[in-house]
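Naming: A, B, ... by sequence-line order, numbering from 1 per chain. Below, all heavy atoms of this structure are taken into account, side chains as well, without hydrogens, waters or symmetry copies.
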Amino acid sequence: MKYWLMKTEPNTFSIDDLAEQPEQITCWEGVRNYQARNLLRDEIEEGDQVLFYHSACKTPAVVGLATVSRGGYPDHHAFDKKSHYFDPKSNPDSPTWYMVDIKLNKKLERPVTLAELREEATKARSPLVDMVLLQKGSRLSVQPVSKKQFDRVVKLSEK
DNA sequence: GCCAACGTTGGC
DNA sequence: GCCAACGTTGGC
């Protein structure tokens, strides 16, 4: 089993929006970055665990936990001319873009803010020192997280 | 709203 | 293949 962090802008799709989906499942469509695409297509599998992160908002934070309920499959929104995510490069015979489905596990009792993660990362031997999210200039919207990092974030949410 | 960092595009 | 211009991300 692997661990991931996925970013979303709460104005577009928040943890509460996920909670309102049927079966609390959503497809993670619209990722249009090749590095993230490769993860979605090749690495992320059913059963993997996800940190659900709110970005580009007042208080950026990990706000929930989710489970991958379906591994990588073509993002059909790219084929739909009417979709905001339409991309003429992609076609059903040779899809450029992929997505996964995730299911809400739980909303964290207490969000773990970016500021808190940064502070935690300054501590000696913290597993968060090399967390991708905290690297300068890192903007990858789907990123790997180690088990230790995942567990530490969960623990911080229980404080 | 500002702006640094990064990714993509396209001319040459 | 280089690189300038442009677009996007995302923290602050």
* May I ask you to decide whether A/Glu45 forms a salt bridge with A/Arg70, counting only side-chain N to carboxylate O separations under 4.0 Å? =>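 Looking at A/Glu45 and A/Arg70, the cut-off is not met.
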
* So does A/Asp75 pair up with A/Arg32, basic N to acidic O under 4.0 Å? ->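 Yes.
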
* Asked: Between which residue ranges does DNA chain C form stems of three or more consecutive Watson-Crick or G-U wobble pairs, both distances under 3.5 Å?
  ->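 In DNA chain C, stems of three or more pairs: B:1-12 with C:1-12.
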
Listed partners of [X] passing side chain to side chain donor-acceptor pair (under 3.5 Å), at least two apart:
X       : value
A/Asn33 : none
A/Lys58 : none
A/Glu29 : none

* **Where chain A begins and ends its contact with DNA chain C, read 5' to 3' at 4.0 Å from heavy atoms** =>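 The contacted stretch runs from C/dG7 to C/dC12.
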
* Write out all pairs satisfying ring-ring contact (aromatic ring centres under 6.0 Å, His included) with one or both partners inside residues 79-113 of chain A, taking only residues at least two apart or from two chains. =>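 Residue pairs passing ring-ring contact (aromatic ring centres under 6.0 Å, His included), neighbours aside: A/Tyr34-A/Trp97.
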
* Asked: Counting heavy atoms not belonging to A/Glu158, are there more than 12 under 6.0 Å from its CD?
  ->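 Counting neighbours around CD of A/Glu158, more than 12 heavy atoms of other residues, nucleotides or ligands fall under 6.0 Å, so yes.
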
